[in-house]
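Read the structure below first, then the notes.
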Amino acid sequence: MRTASRRSFLIASSGLAALAAVPKSWGRELGEPVRPYGERSPFEKSQRFYRKSPIPETGASGTPLQDSYGVITPSALHFESHHSGVPQIDPAKHELLVHGAVEHPLILRLEDLQRFPSVSRIHFIECAGNTSGDLASTPRPNVQRSHGLVSCSEWTGVTLKTLLEEVGLKPRAKWILAEGADACRMARSIPLDKAIDDVIVAYGQNGEALRPEQGYPIRLVVPGWEGNVCIKWLQRLHVADQPSMTREEAAGYTDLMPDGKARMFTFVMEAKSVITRPSGEQTLHGPGFYEISGLAWSGRGRIERVEVSTDGADSWQAAESQEPRLTKAFTRFRLPWNWDGKPTTLQSRCVDETGYVQPTHDELLAVRGKNATDHYNGIKVWRVLADGKVTHV
Amino acid sequence: MSRFLLLSCLLLTTLIVLAQGGKHNLGRVPTPEELQARDISVFPTGAGLPPGEGSAKEGRNIYVARCASCHGERGEGRGANPPIAGGLGTLKSEAPRATVGSYWPYATTAWDYINRAMPYQEPGSLSADEVYSVTAYVLYLDGIVSEGEVLNAKSLPKIKMPNRDGFVPDPRPDTRTQTR
C-alpha cells in the first residue's frame with residue numbers, strides 16, 4: 001500500500017498520471033467503423049466441442065454450457081448432431097412435399113411457408129444421447145462434454161397443425177413421417193396427436209434464419225422430444241396410418257433393458273438439471289462468495305422448482321428460478337453461496353409441473369440397467385477440492 | 001368485363017381453392033410424377049416397397065463391391081463403421097451387440113435404411129433390384145434367409161426377424177413422481 005501511493009505520487013508529479021491510471025480501453029482511440037454482420041469480440045473464445053472422427057459427417061458437437069448466460073443458446077453455439085453431414089441448400093430450390101392420407105397434397109416453398117400465420121416459441125432441443133457417459137459411469141470432465149447436447153432457442157415458423165389443416169387429413173391419418181434433405185434422408189415418424197399439439201415447421205432461430213447446421217431453410221421443432229425427431233432440412237411430410245419403423249425409431253433410439261427387451265418410441269426428454277457454474281474443470285479462487293448457477297428443463301412442461309445441495313445431499317436449498325418459466329424450455333436457476341474453503345460437492349435436482357422428480361444416477365441404474373444409455377437425466381454431482389478445483393464425481 | 005366472364009372467373013377461383021383444400025390457398029399441387037419420384041417411404045406392412053427383386057446370390061457381389069470395405073467381409077464392422085451382422089443372442093449380456101440381424105424388428109427397416117442412406121458416400125445409387133439383393137445378403141450373413149430366397153415387395157415384409165418380439169412401449173415415468 002505504502003509503495004503504491006508513493007509511486008502514484010511520483011507519476012502524478014511527472015504529469016503522466018492521467019494516462020497511467022486508466023486502462024487503455026477507457027476511450028480516446030477511434031474504434032472500428034460499422035459493419036454489415038456482427039461478430040463477437042476477438043477475446044471471446046467459447047466454442048462447440050467435438051472429437052475428431054474418421055467419419056466427420058456422422059457425429060455431434062456440444063454447446064459450451066459453462067459459458068452460457070440466461071436461457072438462450074446463441075445460434076452459432078447450438079449443439080449439432082448429423083448422420084450425413086450438413087447440406088448447403090438454396091432456399092429458392094427447396095420444396096416441402098406434404099402428401100399421403102390427405103385430401104389435397106401440396107408442395108410448399110419457403111416463401112409460401114412464410115405467408116402462413118406464424119408463431120415464435122422458446123424451446124430446448126436435447127439429443128437422446130446427451131449425458132450417456134454418466135449412466136455408463138464414464139463421466140466427462142466438464143459440463144460441455146457431459147451435458148452439451150442440449151440447447152435452447154427461440155424458434156419461428158408455422159405450426160404443423162396449420163399445415164395439416166391446409167392439406168386436410170383423411171380419417172386413416174395417424175402418423176406423420178418427416179424426412180430431411182440430407183444425404184441419409186433422415187426420417188422419423190411422429191404420432192398425429194403430438195403433430196397437432198405443438199410441433200413447429202421452423203424457418204427462424206433467435207431472430208434470423210436457421211443456421212445450416214440447424215436445418216436451413218426449414219426444420220421440425222418437436223417440443224420436449226428427443227432431438228432426432230426434429231428433422232432438419234425438412235423436405236417431406238408423409239401422412240400415414242402407421243409408423244414407418246425407420247432405423248432411428250425401430251433400432252437407433254430404443255433403450256435396451258437388462259432383460260434383453262428394448263423400449264421403443266421413448267420420445268419425451270424427462271426433467272433434468274445441471275449446475276453450469278461452478279462446474280467441472282473450473283477453479284474457485286479461494287473461500288468467499290460465489291453464485292451457483294445452472295439450467296433445468298423438462299420435456300413434459302414447465303420446471304416447478306430447482307433445489308441445490310452444497311453439502312453432499314445432506315440438505316437441499318431452494319434455488320431462485322428465472323422467470324418466466326416457459327414450457328419445454330430452459331429455466332435458469334441461481335443460488336448465492338459462501339464457500340468455506342473445505343472440500344465438498346455441489347448438485348442440483350429439479351421437479352417439473354407434473355411432479356416428476358429428477359432421479360439420481362443410482363435410481364436410474366436400478367430400473368434401466370447400464371445398457372439404456374439414451375434418455376439419461378440423472379442428478380449431476382460436481383466435486384470441489386480444497387484447492388478450489390472442480391471435477392466430476 | 002362482361003358479366004359472364006366475371007362469373008366464370010369466380011367459378012374458376014372457387015374450383016382452384018377447393019382443389020387446393022386449404023384456406024390460405026398457398027403452395028401448388030404436386031404432379032403424379034413428382035409424387036412418384038419423391039415418395040420413398042416404406043412401411044412394415046410392405047406398403048411403399050417398389051417392384052423389383054433379388055436374393056443373397058446376386059447380393060454377394062454388390063456387397064463385396066459396395067459395402068464390405070466399410071462393414072467388413074462378414075458384416076463385422078471396420079473402424080468407425082458399425083457392424084451390421086452378428087451379435088445374435090447377446091442382448092441380455094453385459095456387452096450386447098445390436099445389429100440388423102440381432103436387433104432390428106423388421107426386414108423392411110433394413111431395406112428402407114439401405115435405400116435411403118447406403119452406400120454411405122453414394123446414397124440413392126442402388127436400383128430397387130440391388131437394394132432387394134443386398135438386403136437379402138445382409139440377412140443371409142445371419143442365416144435369416146437362405147442364399148436363394150428371393151426378396152420382393154411380397155416376401156420381404158413376411159420375414160420374421162429374430163428380435164421381432166423384443167420391444168416394449170415406453171413405460172416412463174419409471175422413477176419417482178410427487179403426488180400433488
Side-chain angles (χ1 to χ4, degrees), chain A residues 53-55 58 83-84 97 99-100 102-109 112-113 115-116 165-168 177 179 183-185 187 235-236 238 240 242-247 250-251 254 256-268 270 351 354-357 359 363-364 367-368 371 375, chain B residues 18-24 26-30 34-35 38-45 47-48 79-81 91-96 98 100 103-106 108-110 112-113 115-118 120-124 163 165-180:
Chain A
S53 159
I55 42 170
T58 300
H83 287 263
S84 285
L97 170 63
H99 71 117
V102 303
E103 300 293 344
H104 310 284
L106 272 184
I107 287 180
L108 297 159
R109 294 150 58 94
D112 300 321
L113 292 168
R115 284 177 59 189
F116 280 97
E165 278 168 1
E166 192 75 8
V167 294
L177 177 67
E179 177 185 276
C184 63
R185 289 171 284 180
Q235 67 176 6
R236 200 160 63 88
H238 188 165
Q242 56 183 313
S244 163
M245 295 296 179
T246 65
R247 172 179 85 142
T254 57
L256 185 57
M257 297 294 124
D259 65 358
K261 298 273 189 221
R263 296 174 177 180
M264 192 183 267
F265 296 129
T266 41
F267 292 120
V268 173
E270 298 184 291
V351 178
T354 71
Y356 176 88
V357 185
E363 283 169 338
L364 279 175
V367 286
R368 299 187 192 168
N371 292 328
H375 311 98
Chain B
L18 277 179
Q20 295 229 332
K23 21 181 205 233
H24 299 93
L26 292 164
R28 67 179 174 85
V29 180
E34 282 172 331
L35 275 174
R38 297 183 195 193
D39 179 4
I40 58 165
S41 309
V42 164
F43 296 88
T45 52
N81 305 294
L91 298 184
K92 283 189 214 173
S93 74
E94 285 280 292
V100 176
Y103 195 62
W104 292 22
Y106 302 98
T108 53
T109 302
D112 177 58
Y113 181 71
N115 184 53
R116 285 179 182 282
M118 292 293 136
Y120 187 64
Q121 336 87 312
E122 303 171 283
N163 196 38
D165 301 322
F167 294 85
V168 294
D170 183 4
R172 300 174 305 159
D174 54 357
T175 53
R176 252 179 328 140
T177 298
Q178 291 178 348
T179 40
R180 299 186 325 138

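Below, read A as the first sequence line, B as the second, and so on, with proteins coming before strands; counting in each chain starts at 1.
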Select one option (side chain, backbone, both, neither) describing which atoms of [X] are under 4.5 Å from chain A's heavy atoms.
{"X": "P169(B)", "value": "backbone"}
{"X": "V168(B)", "value": "both"}
{"X": "D39(B)", "value": "both"}
{"X": "Q121(B)", "value": "neither"}
{"X": "Y103(B)", "value": "side chain"}
{"X": "A98(B)", "value": "neither"}
{"X": "D174(B)", "value": "both"}
{"X": "S93(B)", "value": "backbone"}

Which atoms of [X] come close to chain B, meaning under 4.5 Å heavy atom to heavy atom: side chain ones, backbone ones, both, or neither?
{"X": "D259(A)", "answer": "backbone"}
{"X": "V102(A)", "answer": "neither"}
{"X": "Q235(A)", "answer": "neither"}
{"X": "P54(A)", "answer": "side chain"}

Judged by modelled atom types alone, do H99(A) and R236(A) share a side-chain donor-acceptor pair under 3.5 Å?
->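 Judged by distance alone, the side chains do pair up.
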